[in-house]
Amino acid sequence: MNHKFGFGFWASVGILFIFLAISIVSCFWMPHDPMKVAISNVLMEPSSEYLLGTDSLGRDILSRLMLGSRISISFGILAAFLTMTLGLILGVASGYFGGWVDYGIQSVVYLFQGIPGYAFMIAITGILEPSMFSLTLAVVITSWTSFAQMIRGEVLAVKSKPYVKSVIVLGATPFYCIRHYIMPTVIPLALTLLMMRISTTILLVASLSFIGLGIQPPLADWGIMVQEGMTYYRTFPRLVYIPGIAIILFCGCLNYIGERLRGYYL
């Protein structure tokens, strides 16, 4: 075992792999139909047939948790990757070319940073109607600025180094400099930020689903499961605890891994 990161890091990696495995398995198999309503099985306690019990509509909680893992994790990865891609492109362009390119991009960055991000997300999903497209658009629009600024700062630091200045003076094209000198330094930072962005995205989508503007029933994500369980929180707290623990574990492990990678590579 590599001891550079410590036990906590590898334990977090293991937990993430378990969640990812559950998400992949749910594409092919689940114990029960996660959207099948069975009034005769309402709010059953955990048993050999229903390992985590059933919810207020008689649906298997384990199956819905597996479906929610797949939806929450896949959406978090997709939205965070799109955010990183946009922020990476604009951050590199802003830092490397400078001048009016930098001024224009930074002006847009300051404009978006002046708008409360969560309120802006609610406005976008409310105007466009809740859907995967509107959620993705809302996350990307409200999140790319932090990526762009951090990437820009890293590009400026690399571009100021003597060996990069020498290559530019010798006539190297911007594409050559970016590919061979800027990107190898910027990519570790971008991947570290991506890890932390995935967890933030999952939390944002879960909160939007909780207030009815995220993933829509009968589909399930962790936020919807928490929202549906709130009605029965006092009598059946497991309806809230189970998806809540999933959110805390997955996002906490991602953040811990991201922090350790940032401390190691940056």
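Below, each value reflects all heavy atoms present in this structure, side chains not excepted, and no hydrogens, waters or symmetry copies.
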Self-check item: Donor-acceptor pair, side chain of Ser94 and main chain of Leu90, under 3.5 angstrom
Solution: no
Quiz prompt | Atom pair CG (Asn41) and CG (Leu57), whose distance is rounded to the nearest 0.5 Å | solution = 11.5 Å
Quiz item: Among Leu193, Thr145, Val186, which one satisfies side-chain contact (heavy atoms from CB on, under 4.5 Å) with Met150?
Solution: Leu193
Quiz item: Quick one: are Ile215 and Ser209 in side-chain contact, heavy atoms under 4.5 Å?
Solution: yes
Quiz item: Okay, side chain of Ser146, backbone of Ser143: is any donor-acceptor separation there less than 3.5 Å?
Solution: yes
Practice problem: Taking all non-hydrogen atoms of both residues into account, name the closest pair between Ala79 and Val140 and its distance. | Solution: O-CG2, 4.0 Å
Quiz item: With the 4.5 Å side-chain cut-off for hydrophobic clustering, are Ile248 and Val205 part of the same group?
Solution: no
Self-check item: Interatomic spacing from CZ in Phe19 to CD1 in Ile22 - rounded to 0.5 Å
Solution: 6.5 Å
Quiz item: Can you check side chain to side chain contact (heavy atoms under 4.5 Å, CB included) on Ile141 and Met121, steps first, answer last?
Solution: CA-CA 8 Å; Ile141 287 179; Met121 287 184 64; over 6 Å; no
Quiz prompt | Spatial distance of atom CZ (Phe97) from atom CD1 (Ile178) [nearest 0.5 Å] | solution = 4.5 Å
Practice problem: Measure the acute angle between the ring planes of Phe236 and Tyr232, then classify it against the limits of 30° and 60° as parallel, tilted or perpendicular. | Solution: perpendicular
Self-check item: Heavy-atom pair with the smallest gap, counting every atom of Leu16 and Leu254
Solution: CD1-CD2, 3.7 Å
Self-check item: Shortest non-hydrogen separation from Phe147 to Gly87 and the atoms involved
Solution: CB-CA, 3.9 Å
Quiz item: Can you tell me how far the OG atom of Ser72 sits from the CG atom of Leu203, to the nearest 0.5 Å?
Solution: 10.0 Å
Quiz item: Which value, rounded to the nearest 0.5 Å, describes the distance between Leu128 atom CG and Leu213 atom CG?
Solution: 11.5 Å
Quiz item: Do Val25 and Met66 come within less than 4.5 Å of each other through their side chains, counting heavy atoms only?
Solution: yes
Quiz item: Just by distance, do the side chain of Gln216 and the backbone of Gly214 share a donor-acceptor pair under 3.5 Å?
Solution: yes
Self-check item: Donor on one side chain, acceptor on other, Glu154 and Thr185, under 3.5 Å
Solution: no
Quiz item: Linking I/L/V/M/F/W/Y whenever any side-chain heavy atoms sit under 4.5 Å apart, do Leu156 and Val109 land together?
Solution: no
Exercise. Output, in order, the C-alpha distance, side-chain angles, deciding distance and verdict of side chain to side chain contact (heavy atoms under 4.5 Å, CB included) for Leu67 and Ser26.
Key: CA-CA 6 Å; Leu67 176 62; Ser26 71; 5.8 Å; no
Quiz item: Nearest heavy-atom pair of Val101 and Ala93: which atoms, and what distance?
Solution: CG1-O, 3.8 Å
Quiz item: Is the shortest heavy-atom distance from the side chain of Gln149 to the side chain of Tyr110 under 4.5 Å?
Solution: yes
Practice problem: Kindly say whether Tyr50 contributes a backbone atom to a donor-acceptor pair with the side chain of His32 at under 3.5 angstrom? | Solution: no
Quiz item: Hey, is the main chain of Met44 close enough, under 3.5 Å, to the side chain of Thr54 for a donor-acceptor pair?
Solution: yes
Quiz item: Ala80 and Ile198: which non-hydrogen atoms are nearest, and at how many Å?
Solution: CB-CG1, 3.5 Å
Quiz item: Run the side chain to side chain contact (heavy atoms under 4.5 Å, CB included) check on Ile124 and Phe120 step by step: do they pass?
Solution: CA-CA 6 Å; Ile124 293 173; Phe120 196 22; 4.0 Å; yes
Quiz item: Would Ile168 and Tyr96 satisfy side chain to side chain contact (heavy atoms under 4.5 Å, CB included), going step by step from the backbone distance to the final call?
Solution: CA-CA 11 Å; Ile168 294 173; Tyr96 185 84; 4.0 Å; yes
Quiz item: Does Trp144 offer a backbone N or O that forms a donor-acceptor pair with the side chain of Thr83 under 3.5 Å?
Solution: no
Quiz prompt | More than 12 heavy atoms of other groups within 6.0 Å of Phe112 CZ | solution = yes
Quiz item: Shared ILVMFWY cluster between Ile18 and Ile77, side chains joined below 4.5 angstrom?
Solution: yes
Quiz item: Under 4.5 Å between any side-chain heavy atoms of Arg238 and Ile61, yes or no?
Solution: yes
Quiz item: Are the side chain of Thr200 and the backbone of Met196 linked by a donor-acceptor contact shorter than 3.5 Å?
Solution: yes
Quiz item: In the single-linkage hydrophobic clustering (I, L, V, M, F, W, Y; side-chain heavy atoms under 4.5 Å), do Val155 and Ile89 co-cluster?
Solution: no
Quiz prompt | Greater than 12 external heavy atoms within 6.0 Å of Tyr118's OH | solution = yes
Quiz item: With under 30° as parallel and over 60° as perpendicular, where do the rings of Tyr241 and Tyr233 fit, or are they tilted in between?
Solution: perpendicular
Self-check item: Side chain to side chain, Asp221 and Leu219, heavy atoms closer than 4.5 Å
Solution: no
Quiz item: Heavy atoms, side chains only, cut-off 4.5 Å: are Leu239 and Met225 in contact?
Solution: no
Practice problem: Inspect the surroundings of CZ in Phe175 and state if more than 12 heavy atoms from other residues, nucleotides or ligands are less than 6.0 Å away. | Solution: no
Self-check item: Whether Arg64 side chain and Pro34 backbone form a donor-acceptor pair below 3.5 Å
Solution: yes
Self-check item: same_hphob_cluster(Leu249, Ile73) at 4.5 Å side-chain heavy-atom cutoff
Solution: yes
Quiz item: If you measure from OG on Ser107 to CG on Leu111, what distance do you get to the nearest 0.5 Å?
Solution: 9.0 Å
Quiz item: Between Cys251 and Ile202, which heavy-atom pair has the shortest distance, and what is it?
Solution: SG-CG2, 3.9 Å
Quiz item: Checking Ser74 side chain against Ile71 main chain: does a donor-acceptor pair fall under 3.5 Å?
Solution: yes
Quiz item: If we only count heavy atoms from C-beta on, is the Asp60 to Glu49 side-chain gap below 4.5 Å?
Solution: no
